[in-house]
Amino acid sequence: MAARPYDCVILGAGAAGLMCAIHAGATGKRVLVLDHARAAGEKIRISGGGRCNFTNLDVTAANFISQNPHFAKSALARYTQWDFIDLLAQHNVTWHEKTLGQLFCDTSAKDIVRVLLDEVAHAGGEIRVKTGVAGVTKADSGFIVTLEDGRAIPATQLVIATGGKSIPKMGATGFGYQIAEQFGHGIVDPRPALVPLTFGDTFAPLAGTALPARVTCNGTTFDESILFTHRGLSGPAILQISSYWREGDAISVNLIPDGTGYDTLRTRRASDGRKAIGTVLGDLLPGRLAAYWTEQNGLSGNLADWSDKRLTELTDQIAAWSLTPSGSEGYRTAEVTLGGVDTATLSSKDMSSTLIPNLYFIGEVVDVTGWLGGYNFQWAWSSGAAAGRAIAAA
C-alpha cells in the first residue's frame, strides 16, 4: 500500500523552512520538514554571536541584492519585521537594538529556535532531522521525495528551503540549485557574500586594528567599521561591500570618513609644528595604522614643514585609499550566498515556480541577498510566510 502523501514537504529546517511550515500547517494541512542536520535551526542558533540578529527596524527592498530589485517587495510587505517582532512578543522573547536598527535577542538565539519549533508543533507540522534526501521526482499527484535510505515520500506540494553554499562545515551544499535546474529553473551564479576580503599577508602587522571607515566599490558605499586581519580586511563595512565586489575590482577606503583630517592637521600645525607628521597622524588613526601609512608612503619631516597643499594631498589619499583584494575567504566564512534560483521564473507573491505547479523556492536558495544587519533573516521569514500561506490556502 502506497504511503499517504503529505500535503507539503519542505526540504530544509532553517529559518525559511520553519516559517513556511508554521503557515502551511495553519489550516490543517499535513506538513513534513526534512533536514540532514542534527537539529533544526542550526544556522539560527550560531548567528549573531549566539544572540541572532533576527531582523532590522528598517527593511526595504533597497536592502537586498537581486537581478530583479523589485522581486522582494511583495513578500517583505506582506510579512514585515513588525510581524516577526509580534511573534516574539507572543512567546515573551525580549530583544534589544544595537546599531543601525539591528535587533538581537536579549538572552540567546535558542529562543528564536524554540519559538519556531513551538509554532510548527502547534500547526501540526512534523520535523525529521538527520534525514538526507537523495533526490526529487515529479509525479502525477505532485512529487516523490526519495531519502538516502531509499524510502519514498509522496508530497502534493514541495518547498525548497535548502539555503545556499555558505558555511559548508554546517553541511551547506548546492542541492537546492540542482533541484531548481532539474525542473528548468535558471541559476544566477552563486558566490560568497558578507565575507572578509583577502590581501595575502599585506596587513598582517595590523591584525586586530579596527576603526570607522567609509568603503566604496562599484558605486555602492557603506559607513561602518573595518577590521584588519592576518589575511586581509573584515568588519561590517567590508562584509557589506563584499557583496558588490568582484575579482579584480579595487575598493576605496576612506580612513577618516568624518572629513576632519585636513582641518585637524592644519590646526595642529600651528600648535604642534615640531612634531613629526607620522606622530600627529597617530592622533587621527590608530597608532599601528598611522605608523604603517607613514612607512608605506614615505612620509617624513615635522608637521610645520607641510604646506596646505601637501596636507590636502595627504588627506585626499587617506580619504580614497585604493586597495585591490586578492580574493575573499570564500564560503567557509561567508554569512550568506549571493545569487541563486533566478526570480524570473518565480512568483513574487507566493514564491511558487511559474514552470512547475506546486513547487516553491524560499529563503537563501533564491536570488535575493540581504545586507548585513538582520535582513537575510527577514527575507527568510517573509518568503517562508508567503509560500506557507499559499500552501495553506490551496
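What you see is a predicted model; the values in this text were computed from it and never measured.
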Going by side-chain hydrogen bond (donor to acceptor under 3.5 Å, both in side chains), name the pairs with one or both residues in residues 229-238, residues two or more places apart or in two chains. Arg231-Glu329
Identify whether NZ of Lys or CZ of Arg in Lys138 sits under 6.0 Å from the centre of the six-membered ring of Phe143 and within 45° of that ring's axis. yes
Out of Leu34, Val145, Ile153, which residue meets the side chain to side chain contact (heavy atoms under 4.5 Å, CB included) rule with Thr131? Leu34
Take His185 and Tyr177, measure what ring-ring contact (aromatic ring centres under 6.0 Å, His included) needs, and give me the verdict at the end. CA-CA 9 Å; His185 289 271; Tyr177 308 140; over 10 Å; no
With a 3.5 Å distance limit and no angle check, can you tell me whether Thr27 reaches the backbone of Ala392 through a side-chain donor-acceptor pair? yes
Assess the side chains of Glu364 and Ser166: does a donor N or O sit below 3.5 Å from an acceptor N or O? yes
Can you pull out every side-chain hydrogen bond (donor to acceptor under 3.5 Å, both in side chains) where at least one residue sits in residues 310-320? Sequence neighbours excluded, please. none
Do Thr216 and Thr221 have side-chain N/O donor and acceptor atoms under 3.5 Å apart? yes
Ignoring hydrogens and geometry, is there a side-chain-to-backbone donor-acceptor pair from Asn53 to Thr55 under 3.5 Å? yes
Does Arg151 have any salt bridge (Lys or Arg N to Asp or Glu O under 4.0 Å) partners at least two apart in sequence or in another chain, and if so, which? Asp149
Can a side-chain donor-acceptor contact be found between Tyr6 and Gln157 if the only test is distance below 3.5 angstrom? no
Please determine, by modelled atom types, if Asn68 and Ser66 share a side-chain donor-acceptor pair under 3.5 angstrom. no
Just checking, any donor-acceptor pair under 3.5 angstrom between side chains of His91 and Glu119? yes
For Trp306, the ring-ring contact (aromatic ring centres under 6.0 Å, His included) test, sequence neighbours excluded, returns none
Strictly by modelled atom types, are Ser74 and Arg78 linked by a side-chain donor-acceptor pair under 3.5 Å? yes
Would the distance check show the side chain of Arg288 and the main-chain N or O of Ala207 forming a donor-acceptor pair, the cut-off being under 3.5 Å? yes
Distance only, no hydrogens: is a donor on one side chain within 3.5 Å (strictly under) of an acceptor on the other, for Asn63 and Asn56? no
May I ask whether Val188 and Tyr375 are part of the same hydrophobic cluster, defined by side-chain heavy atoms of I, L, V, M, F, W, Y residues being less than 4.5 angstrom apart, directly or through others? no
Identify every side-chain donor-acceptor pair in residues 366-374 under 3.5 Å, counting partners at least two apart or on other chains, and give the distances.
from: Asp367; atom 1: OD2; to: Gln67; atom 2: N; distance (Å): 3.0
from: Thr369; atom 1: OG1; to: Thr337; atom 2: O; distance (Å): 3.2
from: Trp371; atom 1: NE1; to: Tyr244; atom 2: OH; distance (Å): 2.9

Phe71: which residues meet the ring-ring contact (aromatic ring centres under 6.0 Å, His included) condition with it, sequence neighbours left out? none
Output yes when a side-chain donor or acceptor of Thr343 lies under 3.5 Å from a complementary backbone atom of Leu346, and no otherwise. no
Can you list every pair that meets side-chain hydrogen bond (donor to acceptor under 3.5 Å, both in side chains) and has a residue in residues 97-107, with sequence neighbours left out? Thr94-Asp106, His96-Asp106, Thr107-Asp111
Residues in salt bridge (Lys or Arg N to Asp or Glu O under 4.0 Å) with Asp308, at least two apart? Arg266, Arg269
Those residues that, when tested against Arg274, pass side chain to side chain donor-acceptor pair (under 3.5 Å) (two or more places apart): none
Can you name the salt bridge (Lys or Arg N to Asp or Glu O under 4.0 Å) partners of Arg51, sequence neighbours left out? none
Does Phe84 form a ring-ring contact (aromatic ring centres under 6.0 Å, His included) with Trp381? I'd like the steps, not just the answer. CA-CA 8 Å; Phe84 193 78; Trp381 315 138; 4.2 Å; yes
For the backbone of His23 and the side chain of Lys29, can you confirm whether one donor and one acceptor N or O come within less than 3.5 Å of each other? no
Any idea which heavy atoms bring Ala40 and Ile127 closest together, and the distance? CB-CG2, 4.4 Å
Could you tell me whether Asp7 and Arg30 have a side-chain N and a carboxylate O separated by less than 4.0 Å? no
So the side-chain hydrogen bond (donor to acceptor under 3.5 Å, both in side chains) pairs with at least one residue in residues 192-202 (sequence neighbours excluded) are Thr198-Ser326
Identify whether the distance between the nearest side-chain nitrogen and carboxylate oxygen of Asp35 and Arg128 falls below 4.0 Å. no
Any carboxylate oxygen within less than 4.0 angstrom of a Lys/Arg side-chain nitrogen, looking at Glu247 and Arg191? yes
Quick one: sort the Trp321 and Phe228 rings into parallel, tilted or perpendicular, breaks at 30° and 60°. tilted
Does Leu359 share a hydrophobic cluster with Val136, counting links as ILVMFWY side-chain heavy atoms below 4.5 Å and allowing steps through other members? yes
By salt bridge (Lys or Arg N to Asp or Glu O under 4.0 Å) - contacts of Glu335 (at least two apart): none
